[in-house]
Amino acid sequence: SSVLGLGGAGGNDFGVILEDAYKQSEFHLLCECASAQVVIDVMKRLAVLKALQNAMTLKNSRGHSALTIALLAGNSSVVLSLLQRAGNFCMKDLLKGMPNPVHFAVMGNSTECLSYVIKFIKAYCEGTARPNVPIIRGSKPFSELIEWHDDNGLTPLALACKLGYTEIVDELIKGGANCAGTTSPTTASITPLMIACTSGYVDIVQLLLVPLNSLPSPNSFIFSLGG
C-alpha cells in the first residue's frame with residue numbers, strides 16, 4: 001500500500017524507498033508538490049507511529065532531505081510546516097555539517113522560503129525558538145551559519161549573486177548576510193560584489209553597495225576588482 005493513502009501495516013511504509021531516479025521516499029514527493037495540509041496530516045500520522053524523525057532525516061540519492069526538497073521546489077507553505085512541526089530534526093542535521101538549508105532556499109529562488117529558514121535558524125541561535133522546539137547543544141552562532149560555505153566554497157549570498165537572484169540577494173542582506181564576506185580560500189577569496197560585477201548584474205551590485213558603503217573602508221572592496 002502507499003504512503004499517499006496512509007495505508008500499510010503499522011504505517012512502516014512511510015520511509016520506503018521508491019524505485020525512481022532519485023530514490024525518494026513518498027514523503028519526499030509530498031514535500032515537493034503536495035499542499036501544506038496534506039503534509040501536516042501525514043506528519044501527524046508519522047508522529048503517532050514514531051516515524052517522523054526517520055522521515056525528516058532520510059536522504060535521497062542526491063543527499064536531499066524532506067526540507068531541502070521542499071526548499072528546492074519553492075514550496076513555502078510546506079517549508080513552514082516542516083520547520084514548525086519538525087524543526088529540531090532539521091537543526092540537528094544542520095549542526096552535524098549537513099547541507100545548509102539557506103543554500104537550498106537560495107537555489108529554490110523563493111524569498112518566502114528563505115525568510116522562513118533565516119528566521120528559524122536565527123531563533124535557534126538566539127534562544128527564542130518556540131518552547132516545543134528545544135535548543136540543541138553545540139549550536140553555532142547565526143553569523144557562522146548564514147556564512148556557511150557550500151562544496152564550491154560559496155556562501156548563500158555569493159551563490160545568489162552568481163545565480164543573479166536579485167530578490168534573494170535583497171532578502172539575504174536584510175537577514176544579516178555579510179556583504180563583505182568572501183568565498184572559501186580554495187576559491188581565491190572572492191566577494192559577492194566581485195561576482196555580481198563580473199556577471200553584469202547591475203541591480204545586485206547596487207544592492208550590495210548600500211551596506212558596503214557603511215563599512216569603514218568600502219573602497220577596498222571595489223578597487224580590489226581591478227587588482
Side-chain angles (χ1 to χ4, degrees), residues 1-8 11-18 20-96 98-124 129-130 132-134 136 145-146 148 150 156 159-160 163 165 167-168 171-172 175:
S1 62
S2 170
V3 174
L4 301 177
L6 301 180
N12 291 327
D13 54 347
F14 277 109
V16 171
I17 303 297
L18 296 180
D20 67 1
Y22 304 114
K23 294 185 178 179
Q24 300 182 101
S25 73
E26 292 195 37
F27 184 62
H28 285 161
L29 298 178
L30 286 176
C31 291
E32 181 176 10
C33 56
S35 69
Q37 190 55 57
V38 170
V39 172
I40 289 172
D41 289 342
V42 173
M43 291 178 74
K44 288 179 179 178
R45 179 71 180 275
L46 286 167
V48 171
L49 298 170
K50 301 186 183 304
L52 182 56
Q53 179 173 357
N54 180 62
M56 286 297 300
T57 56
L58 182 69
K59 307 294 192 302
N60 66 10
S61 60
R62 290 189 171 186
H64 297 165
S65 65
L67 176 63
T68 54
I69 287 170
L71 288 169
L72 287 171
N75 197 340
S76 59
S77 60
V78 168
V79 167
L80 181 59
S81 299
L82 293 175
L83 292 174
Q84 288 179 333
R85 295 175 176 272
N88 52 330
F89 302 131
C90 301
M91 277 304 290
K92 284 179 180 178
D93 261 3
L94 174 58
L95 296 175
K96 289 177 183 176
M98 297 296 180
N100 192 329
V102 184
H103 284 97
F104 287 102
V106 169
M107 289 186 281
N109 196 18
S110 167
T111 55
E112 200 169 14
C113 287
L114 179 60
S115 175
Y116 291 150
V117 169
I118 289 176
K119 289 177 181 177
F120 182 80
I121 295 177
K122 187 174 290 187
Y124 256 100
R130 292 171 54 187
N132 61 334
V133 182
I136 299 172
L145 294 178
I146 200 169
W148 202 302
D150 64 11
L159 176 61
L163 296 172
Y165 292 163
E167 293 182 354
I168 295 294
E171 191 67 36
L172 284 167

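Computed from a prediction, not measured in an experiment: that's the story for all the values here. One is the number of the first residue; the rest follow in order along the sequence.
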Inset, instruction - Could you pull out the closest heavy-atom pair between G74 and S110, with the gap in Å? - result: CA-CB, 4.1 Å
Inset, instruction - For the pair N109 (side chain) and Y165 (backbone), establish whether a donor and an acceptor sit closer than 3.5 Å, ignoring hydrogens and angles. - result: no
Inset, instruction - Taking side-chain contact (heavy atoms from CB on, under 4.5 Å) as the test, write out the residues that go with Q53, two or more places apart. - result: T57, F89
Inset, instruction - Supply the atom-to-atom distance T111 OG1 to Y116 OH, rounded to the nearest 0.5 angstrom. - result: 9.5 Å
Inset, instruction - Give, for atom CD of Q37 and atom OG of S77, the distance between the pair rounded to the nearest 0.5 Å. - result: 10.0 Å
Inset, instruction - Using the ring pair (Phe, Tyr, Trp, His ring centres under 6.0 Å) rule, collect all pairs that involve residues 35-62, keeping only residues at least two apart or in two chains. - result: none
Inset, instruction - Show the numbers, then the answer: is there a side chain to side chain contact (heavy atoms under 4.5 Å, CB included) between I146 and I121? - result: CA-CA 9 Å; I146 200 169; I121 295 177; over 6 Å; no
Legend entry - Taking every non-hydrogen atom, the tightest pair across V78 and A34: CG2-O, 3.5 Å
Inset, instruction - Measure the shortest side-chain to side-chain distance between V39 and M43 over non-hydrogen atoms and say whether it is less than 4.5 angstrom. - result: yes
Legend entry - Within-4.5 Å side-chain heavy-atom neighbours: L67 and L83: yes
Legend entry - Pairs involving residues 34-56, ordered by first then second residue, that meet ring pair (Phe, Tyr, Trp, His ring centres under 6.0 Å) (sequence neighbours left out): none
Inset, instruction - Indicate the atoms forming the closest heavy-atom contact of E171 with S115, along with that distance. - result: OE2-CB, 3.6 Å
Inset, instruction - State the CG-CD1 distance between L145 and I118, to the nearest 0.5 angstrom. - result: 11.5 Å
Legend entry - N75 side chain near C31 side chain, heavy-atom distance below 4.5 Å: no
Legend entry - H64 side chain to A70 backbone, donor-acceptor under 3.5 Å: no
Legend entry - Within-4.5 Å side-chain heavy-atom neighbours: K44 and V48: no
Inset, instruction - State, with a plain yes or no, whether a side-chain heavy atom of M56 is found less than 4.5 Å away from one of F27. - result: yes
Legend entry - Passing option when M107 is tested against I168, L72, V102 for side chain to side chain contact (heavy atoms under 4.5 Å, CB included): L72
